[in-house]
Amino acid sequence: MSHGPRLDAAFYRADPVSVARRLLGQRLVVVQPDGERLAGLIVETEAYLGVEDKAAHTFGWRRTERNASMFEPGGTAYVFLNYGIHALLNLSTGAAGEPTAVLVRAIEPTEGLPTMFARRAKAKQQTDLGSGPGKLSQALGISLADDGTDTLTSPRLFVERTRGRCLASARIVVRPRIGVDYAGEWAAAPLRFYARGNPHVSRR
DNA sequence: CCTCTGATCTTCT
DNA sequence: GAAGATCAGAGGG
């Protein structure tokens with residue numbers, strides 16, 4: 001049910017702030033090996049500006065095996081392991097060679113809830129399923145194996161447009177990013193975006 | 001409600 | 001050898 005057209009190259013071929021804002025309200029979909037669709041509306045994102053952004057993995061044009069996907073064309077999945085435990089999902093933005101990306105921080109689950117609850121044994125309510133980057137990966141079954149996926153063509157991992165329009169600015173809350181205190185002045189930059197009043201956001 | 005801490009392991013210095 | 005784009009549980013107020 002409620003399938004929609006997939007976001008295309010033009011959507012991602014923009015700066016990470018623009019993409020982070022426009023991704024709010026769109027539908028993240030992961031098709032399981034058995035064919036089941038798991039999906040949720042993106043309700044929280046963070047922009048990583050690359051090169052000049054001290055909080056980004058590509059600060060100062062640093063290029064490693066891990067962050068290679070950030071250099072890929074917009075729409076490529078960049079999944080990395082955080083704290084040795086959690087796989088965090090980003091979507092690269094801009095043109096090839098531009099190492100920028102958007103971190104998907106929270107989703108509002110819409111399809112495949114029973115499977116998500118099974119994956120996340122600790123979850124007691126719906127808001128425990130996707131209210132954090134590590135949680136949503138666990139719920140949807142996203143792992144390091146998904147790093148490098150082209151979400152413009154992949155049959156497994158992609159984002160669908162829910163409506164012709166994006167969230168109105170008045171419904172978007174802008175705050176500093178989370179967990180980047182090490183980044184000096186960049187820690188305070190207003191690069192976190194979330195849907196105002198949505199209970200599935202990772203935190204206040 | 002809040003703060004503190006352990007888990008766990010890849011990546012980079 | 002240290003740190004990290006996190007989470008969950010424990011303990012105190």
Side-chain angles (χ1 to χ4, degrees), chain A residues 12 15-17 19-21 23-24 28 40 42-72 74 76-94 98-109 116-149 151 157 159 173-195 199-204:
Chain A
Y12 295 102
D15 66 276
V17 170
V19 176
R21 297 178 66 101
L23 273 175
L24 295 177
L28 174 64
I42 296 173
V43 297
E44 179 180 355
T45 58
E46 282 180 358
Y48 285 86
L49 278 43
V51 189
E52 80 261 35
D53 179 3
K54 203 168 180 181
H57 291 164
T58 51
F59 173 67
W61 286 106
R62 181 175 53 203
R63 182 170 193 155
T64 65
E65 193 170 335
R66 176 179 70 156
N67 69 19
S69 295
M70 280 186 75
F71 290 81
E72 294 299 309
T76 303
Y78 168 42
V79 183
F80 71 94
L81 192 65
N82 189 46
Y83 290 99
I85 304 171
H86 303 105
L88 271 51
L89 170 68
N90 298 253
L91 294 166
S92 76
T93 61
E98 259 183 290
T100 56
V102 171
L103 170 68
V104 181
R105 279 197 61 89
I107 62 167
E108 173 182 337
M116 293 193 211
F117 271 108
R119 284 262 179 68
R120 284 187 46 69
K122 308 299 171 63
K124 296 179 177 173
Q125 26 182 351
Q126 284 192 25
T127 51
D128 296 327
L129 293 177
S131 55
K135 296 178 189 176
L136 73 89
S137 285
Q138 192 182 7
L140 298 175
I142 294 170
S143 73
L144 287 183
D146 293 302
D147 181 47
T149 297
T151 68
L157 173 62
V159 183
V173 179
V174 185
R175 291 279 184 274
R177 293 171 294 188
I178 291 187
V180 295
D181 297 333
Y182 59 86
E185 300 185 352
W186 284 92
L191 296 173
R192 174 183 175 224
F193 308 90
Y194 62 84
H200 299 271
V201 166
S202 71
R203 78 192 225 199
R204 282 289 158 189

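Throughout, a chain's letter reflects where its sequence line sits, starting with A, and its residues are numbered from 1.
For DNA chain C, the contact window with chain A, defined by any atom under 4.0 Å from a protein heavy atom, covers dG4(C) to dG9(C) in 5' to 3' order.
Taken residue by residue, residues 42-65 of chain A places heavy atoms nearer than 4.0 Å to DNA chain C at Tyr48(A), Ala55(A), His57(A). For the contact set between residues 132-145 of chain A and DNA chain C, defined by any heavy atom under 4.0 Å, the members are Gly132(A), Pro133(A), Gly134(A), Lys135(A). Contacts between residues 117-125 of chain A and DNA chain C, defined by a heavy-atom separation under 4.0 Å, are made by Arg120(A), Lys122(A).
Among all heavy-atom pairs drawn from Met70(A) and Ser92(A), the shortest one is O-CB, 4.2 Å. Shown here for Ala56(A) and Tyr48(A), the closest heavy-atom pair between the two residues is CA-CD2, 3.9 Å. Summarising the geometry of Leu129(A) relative to Ala139(A), their closest heavy-atom pair is O-CB, 3.5 Å, with the distance given to 0.1 Å. Between His200(A) and Ala106(A), the closest heavy-atom pair is O-CB, 3.4 Å. The nearest pair of heavy atoms linking Thr45(A) to Val102(A) is CB-CG1, 3.7 Å. When every heavy atom of Leu24(A) is checked against every heavy atom of Ala195(A), the shortest pair comes out as CD1-N, 4.4 Å.
Counting to the nearest Å, the C1' atom of dC2(B) and the CZ atom of Arg203(A) are 13 Å from each other. Between the OH atom of Tyr83(A) and the C1' atom of dG6(B) there is a distance of 13 Å, given to the nearest Å. In this structure, Arg66(A) places its CZ atom 10 Å from P of dT13(B), rounding to the nearest Å.
The only member of Thr149(A), Thr76(A), Asp147(A) that meets side chain to side chain donor-acceptor pair (under 3.5 Å) when paired with Ser69(A) is Asp147(A).
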Dot-bracket assigned to DNA chain C with the 3.5 Å Watson-Crick/G-U criterion, [ ] for crossing and | for other-strand pairs, is ||||.|||||||.
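Atom CZ of Arg192(A) is separated from atom CZ of Arg177(A) by 12.0 Å, given to the nearest 0.5 angstrom. A distance of 8.0 Å separates CD of Gln125(A) from CZ of Phe117(A), quoted to the nearest 0.5 Å. One distance of note links OG1 of Thr151(A) with CG of Leu89(A); it measures 9.0 Å at 0.5 Å rounding.
Between Thr58(A) and Asn67(A), the side chains place no donor N or O within less than 3.5 Å of an acceptor N or O (distance only, hydrogens not considered).
Within the 4.5 Å cutoff, the side chain of Leu140(A) has heavy atoms near those of the Ile107(A) side chain. Residues Tyr194(A) and Glu46(A) have side chains not in contact (no heavy-atom distance under 4.5 Å, counting atoms from C-beta outward).
Residue-level contact check: Ile85(A) touches the bases, meaning some heavy atom is under 4.0 Å from a base atom.
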Per-pair distances, 0.1 Å, donor-acceptor, side chain in residues 179-188 of chain A, under 3.5 Å, sequence neighbours excluded:
{"from": "Tyr182(A)", "atom 1": "OH", "to": "Ala55(A)", "atom 2": "O", "distance (Å)": "3.2"}
{"from": "Trp186(A)", "atom 1": "NE1", "to": "Glu52(A)", "atom 2": "O", "distance (Å)": "3.2"}

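Between Phe71(A) and Trp61(A), the ring-plane angle classifies as tilted under the 30° and 60° cut-offs.
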